[in-house]
Structure formats: structure tokens, C-alpha cells
Amino acid sequence: MTILDKTASDGVAAGDRRVSPDGKPRRETGGANAFSHGFLLFWGALTVLPLLWMFLSSFKSDGEILSDPWGLPGALRFENWARAWTEAHIGRYFLNSAIVVAGSLTLTMLLGATAAYVFARYEFRGRQFLYYLFVGGMMFPVFLALVPLFFVVRNAGLFGTWTGLMLVYAAYSLPFTVFFLSAFFRTLPTAVAEAALMDGCGHFRLFFRVMLPMARPGLISIAIFNFLSHWNQFILPQVLMQGDDSKWVLAQGLTALAVSQGYQGDYSGLFAGLTIATLPVLVVYIAFQRQIQTGLTAGQLK
């Protein structure tokens, strides 16, 4: 037996916990594995149970909510949803939010993908400076800029308008969008772009016809993150959309509903409005969770 063989046999005899005697990696078991699974179960329950309780409470009467808050509803009272949709104007606020988010998300993805592609695939003077200037926007929280932002939007004549809110949403989403997509565009094969250019494809067509379809996993991932951020945004519309409540977005409408329904004791209508506002977020995440995971890991697998 050689020295190497003796060393290897001694290592196996010593009982390497990560390698089985046949040379295959051994799956870790024991207390650490049980703790991780237990923590994940606890975290899942902590997230799901409040949503489930809110959903069930939206079908209860006010008496059932106060007398038996943890019980099941006696009947499915869809009139609670109808009352929140019409009388509390949740339907109007829902439509306003859909319009604002659709516009801001389109603007964010178009500008963010274009800027990220240029930073990732082209060399020019000042590229690094401009890139870090973009990414540096992530260092400044929105609360730090509320006062100057208020005056900028008002002086631009966009105060209380959906256009102003869309532009602000897009501006605050661009730093992370550029940062995420720049790293993703760098992982795309250069040979494909060079072949397209040699075949007579211009830079404009190369971006929209070749590179964007290849970057689809990353685009879907960052689009979902931006959608969730824009849909749940509260402080920006609260500051920039004061006055006319017919233009309020869903977060403002829910705040007004919580105050008014709390004083009126219409808790069932309040839970119905909260459920209506939560459903789009849950539907989007459940429908695209596989694309989110693919987009987040695609760059690491390169």
C-alpha cells in the first residue's frame, strides 16, 4: 500500500462525516437540519396565518369578528366585498393604482433595461462614474428626500397628478433595476451579439430583438420586485397626491377606510378591502415564483 492509499484509508476509517465509505457525499442530518426546517415552518406559519385570518374575517359579520375572532365564518358574506368595492370606493382606488403602477413599471423597465445594457456591454469614457452614480441612488432612503421632492414636483406642475407619481416611482426604482440588470446582461454570451452584428443587425435591433429575449428571466424577476414595491408604496402618494381623493391610489384609500370604518365599526368591510388589496400581490407572486428563482440564480450559474 502506498502512502497516499494509506492516508485515504485512514481518513475513511477516522469517519469523515461528509463522505460515505463508497466515496459519495453524505447528506447532513441531525440537529442543524431539524432546526432549519423548524425555523422555516415557524416563519411560514408567521406569514401565512395572518393572511388567512384576514381572508376569513372578510366573510364574517361584525358580530362574529368581535365575539369569535378565531372561528370560521358562519356563511360566505360576499356583500362585505361588494360594500368595500362600491361604498368605500376600493374599486376606484384599485383602478387608480393599476394605472399608476402600469405606467411607472413600463417606464422603469424601459429606462432601466436600456441603461443597464449600455453599462454592461459597451465601453466608453465615464462609464464607471455614471454607473456608480446610478447605483448610488440606493444609498438614499425615500424619507430623506420627501421635503425637496415635494417642492420639485410642485414646481414642475406635477403635484397631485398620476404623471408626477409615475415619474417619482420610476426614479426611485431605477438604481436597483440598473444594478440588477447590469449584472445579468454581463452573463449573456458575447458570441451571440457579435454574430448578430456581423449579420447586419444594428445596435437598436440587437438590443430589442436579441438581448432582451435572452434576458427574459432577469427582466421578469426585477419587474415583479418593482411591481410589489410600487403597489405597496404608501409614503410617496401620501405626500404627492394630497387633496382630490378621486385620484388616490389604493394605499391611501385603505388608510382612509381604516380610519372611517374603525369609527363606524364596519370591521368586515375593512377586512374585505384589505383582502382585495392583497390579492394582486399574492397572485403575481404565486404565478411567477419559478421565474423569480430562475432570474435570481441565472447569473450565478454562468
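Computation of the quantities below employed the complete heavy-atom set of this structure, encompassing side-chain atoms and omitting hydrogens, waters and symmetry-equivalent molecules.
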Engineer: Using atom types as modelled and distance alone, determine if a side-chain donor or acceptor of S36 lies under 3.5 Å from a backbone N or O of N33.
Structural biologist: yes
Engineer: Would you say the side-chain atoms of W85 pair up with the backbone N or O of G273, donor to acceptor, closer than 3.5 Å?
Structural biologist: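 Here the side-chain-to-backbone pair does not exist.
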Engineer: Rounded at 0.5 Å granularity, tell me how far CG in L254 sits from CD1 in I90.
Structural biologist: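 Output value for this atom pair is 4.5 Å.
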Engineer: Look at the side chain of Q242 and the backbone N and O of V239, then say whether any donor-acceptor pair between them is shorter than 3.5 Å.
Structural biologist: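 Flag set: sc Q242 to bb V239 pair under 3.5 Å.
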Engineer: Would you kindly confirm whether F140 and Y132 end up in one hydrophobic cluster when ILVMFWY residues are joined by side chain heavy atoms under 4.5 Å apart?
Structural biologist: no
Engineer: Hey, would you say the F55 and F271 ring centroids sit under 6.0 Å apart?
Structural biologist: no
Engineer: Would you say I222 and M109 make side-chain contact, with heavy atoms under 4.5 Å?
Structural biologist: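 Result yes, sub-4.5 Å side-chain heavy-atom pair found.
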Engineer: So, taking the atom named CZ in R77 and the one named OG in S268, what distance separates them when rounded to the nearest 0.5 Å?
Structural biologist: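 The distance works out to 8.5 Å.
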Engineer: At what distance, to the nearest 0.5 angstrom, does NZ of K247 lie from OG1 of T161?
Structural biologist: 7.0 Å
Engineer: Looking only at heavy atoms, which two atoms of L181 and A113 are closest? And how far apart?
Structural biologist: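 It is CD1-CA, 3.7 Å.
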Engineer: Apply side-chain hydrogen bond (donor to acceptor under 3.5 Å, both in side chains) to Y122 and list each qualifying residue two or more places apart in sequence or on a separate chain.
Structural biologist: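 If we apply the side-chain hydrogen bond (donor to acceptor under 3.5 Å, both in side chains) test to Y122, skipping adjacent residues, the hits are H203.
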Engineer: Give a yes or no on this: more than 12 heavy atoms of other residues, nucleotides or ligands lie within 6.0 Å of atom CZ of R127.
Structural biologist: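 Counting other residues, nucleotides and ligands, CZ of R127 exceeds 12 neighbours.
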Engineer: If hydrophobic clusters are built by linking Ile, Leu, Val, Met, Phe, Trp and Tyr wherever their side-chain heavy atoms come under 4.5 Å apart, do F179 and L111 end up in the same one?
Structural biologist: no
Engineer: If hydrophobic clusters are built from ILVMFWY residues whose side chains come within less than 4.5 Å, do F143 and F150 share one?
Structural biologist: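 Yes, F143 connects to F150 through the hydrophobic network.
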Engineer: Regarding S97 and W231, is there a side-chain donor-to-acceptor distance under 3.5 Å anywhere?
Structural biologist: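 Side-chain D/A pair, S97 to W231: absent.
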Engineer: Determine, using the 4.5 Å side-chain heavy-atom cutoff (strictly less than), whether L107 and L219 are members of one ILVMFWY cluster.
Structural biologist: no
Engineer: Run the side-chain contact (heavy atoms from CB on, under 4.5 Å) check on L130 and F124 step by step: do they pass?
Structural biologist: CA-CA 10 Å; L130 292 176; F124 56 91; 4.0 Å; yes
Engineer: Please check if the side chain of Q252 supplies one atom and the backbone of F234 the other of a donor-acceptor pair under 3.5 Å.
Structural biologist: no
Engineer: Counting N and O atoms only, with roles assigned by atom type, does the side chain of N96 sit under 3.5 Å from a partner on the main chain of L250, one being a donor and the other an acceptor?
Structural biologist: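 Side chain of N96 to backbone of L250: no pair is present.
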Engineer: Kindly indicate whether the side chain of L158, heavy atoms from C-beta on, has any atom under 4.5 Å from the side chain of L240.
Structural biologist: no
Engineer: Centres of the Y169 and W162 rings: under 6.0 Å?
Structural biologist: no
Engineer: Indicate the ring-plane relationship of F225 and F180, choosing parallel, tilted or perpendicular according to the 30° and 60° boundaries.
Structural biologist: perpendicular
Engineer: Heavy atoms only: give me the nearest G112-T177 pair and the separation to one decimal.
Structural biologist: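 Heavy atoms only, the tightest pair is CA-CG2, 4.0 Å.
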Engineer: Classify the ring geometry between F35 and F39 as parallel (under 30°), tilted (30 to 60°) or perpendicular (over 60°).
Structural biologist: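 If you compare the ring of F35 with that of F39, the planes turn out parallel.
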Engineer: Check the side chains of R83 and N80 for a donor-acceptor pair under 3.5 angstrom, ignoring hydrogens and angles.
Structural biologist: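 Indeed, the side chains of N80 and R83 share at least one donor-acceptor pair under 3.5 Å.
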Engineer: Working to the nearest 0.5 angstrom, can you tell me the gap between I99 CD1 and M166 CE?
Structural biologist: 7.0 Å
Engineer: Do you know the tightest heavy-atom contact between L110 and T114?
Structural biologist: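 Heavy atoms of L110 and T114 come nearest at O-OG1, 2.7 Å.
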Engineer: Between F119 and F134 (judged by ring centroids, cut-off 6.0 Å), do the two rings come close enough to count as a pair?
Structural biologist: yes
Engineer: For P50 and A45, work out which heavy atoms get closest and say how close.
Structural biologist: CD-O, 4.0 Å
Engineer: Considering only heavy atoms from C-beta outward, does the side chain of Y267 approach that of L66 to under 4.5 Å?
Structural biologist: yes
Engineer: Kindly compute the distance separating OG (S58) from CH2 (W53), expressed to the nearest 0.5 Å.
Structural biologist: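 Atom-to-atom, S58:OG and W53:CH2 are 11.0 Å apart.
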Engineer: Measure from the side-chain N and O atoms of K60 to the backbone N and O of L76, and report whether any donor-acceptor pair falls under 3.5 Å.
Structural biologist: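 No; judged by distance alone, with no hydrogens or angles, the pair does not exist.
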Engineer: Side chains of P217 and F184: does their closest heavy-atom pair fall under 4.5 Å?
Structural biologist: yes
Engineer: Flag the pair F94 / V249 as yes when at least one side-chain heavy-atom distance between them is below 4.5 Å, and no otherwise.
Structural biologist: no
Engineer: Would you call V153 and L167 a side-chain contact if the rule is heavy atoms closer than 4.5 Å?
Structural biologist: no
Engineer: Mind listing the closest non-hydrogen atom pair of M138 and P175 along with its distance?
Structural biologist: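 Closest approach of M138 to P175, heavy atoms only: CG-CB, 3.6 Å.
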Engineer: Just jot down the side-chain contact (heavy atoms from CB on, under 4.5 Å) partners of A193, sequence neighbours excluded, or say none.
Structural biologist: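 Scan of A193 (side-chain contact (heavy atoms from CB on, under 4.5 Å), adjacent residues dropped) gives R121, L206, M211.
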Engineer: Rounded to the nearest 0.5 Å, how far does CG of D199 lie from CZ of R205?
Structural biologist: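 Going from the CZ atom of R205 to the CG atom of D199 covers 10.5 Å.
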Engineer: Are side-chain N/O atoms of N226 and H230 paired as donor and acceptor at under 3.5 Å?
Structural biologist: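 No donor-acceptor contact under 3.5 Å links the two side chains.
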Engineer: Whether the side chain of W248 engages the backbone of M241 through a donor-acceptor N/O pair (distance < 3.5 Å, no angle test) should be reported.
Structural biologist: yes
Engineer: Should the pair F185 and F207 be assigned to parallel (<30°), tilted (30 to 60°) or perpendicular (>60°) ring geometry?
Structural biologist: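 F185 and F207: tilted rings.
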Engineer: May I have the step-by-step check of side-chain contact (heavy atoms from CB on, under 4.5 Å) for I235 and Q233, ending in yes or no?
Structural biologist: CA-CA 6 Å; I235 188 65; Q233 183 60 246; 3.2 Å; yes
Engineer: Between A170 and S104, which heavy-atom pair has the shortest distance, and what is it?
Structural biologist: CB-O, 4.2 Å
Engineer: Is there a continuous path of hydrophobic side-chain contacts, each under 4.5 Å between heavy atoms, that joins F159 to Y172?
Structural biologist: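 Yes.
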Engineer: Taking the side chain as every heavy atom from C-beta outward, state whether P237 and L165 have any atom pair closer than 4.5 Å.
Structural biologist: yes
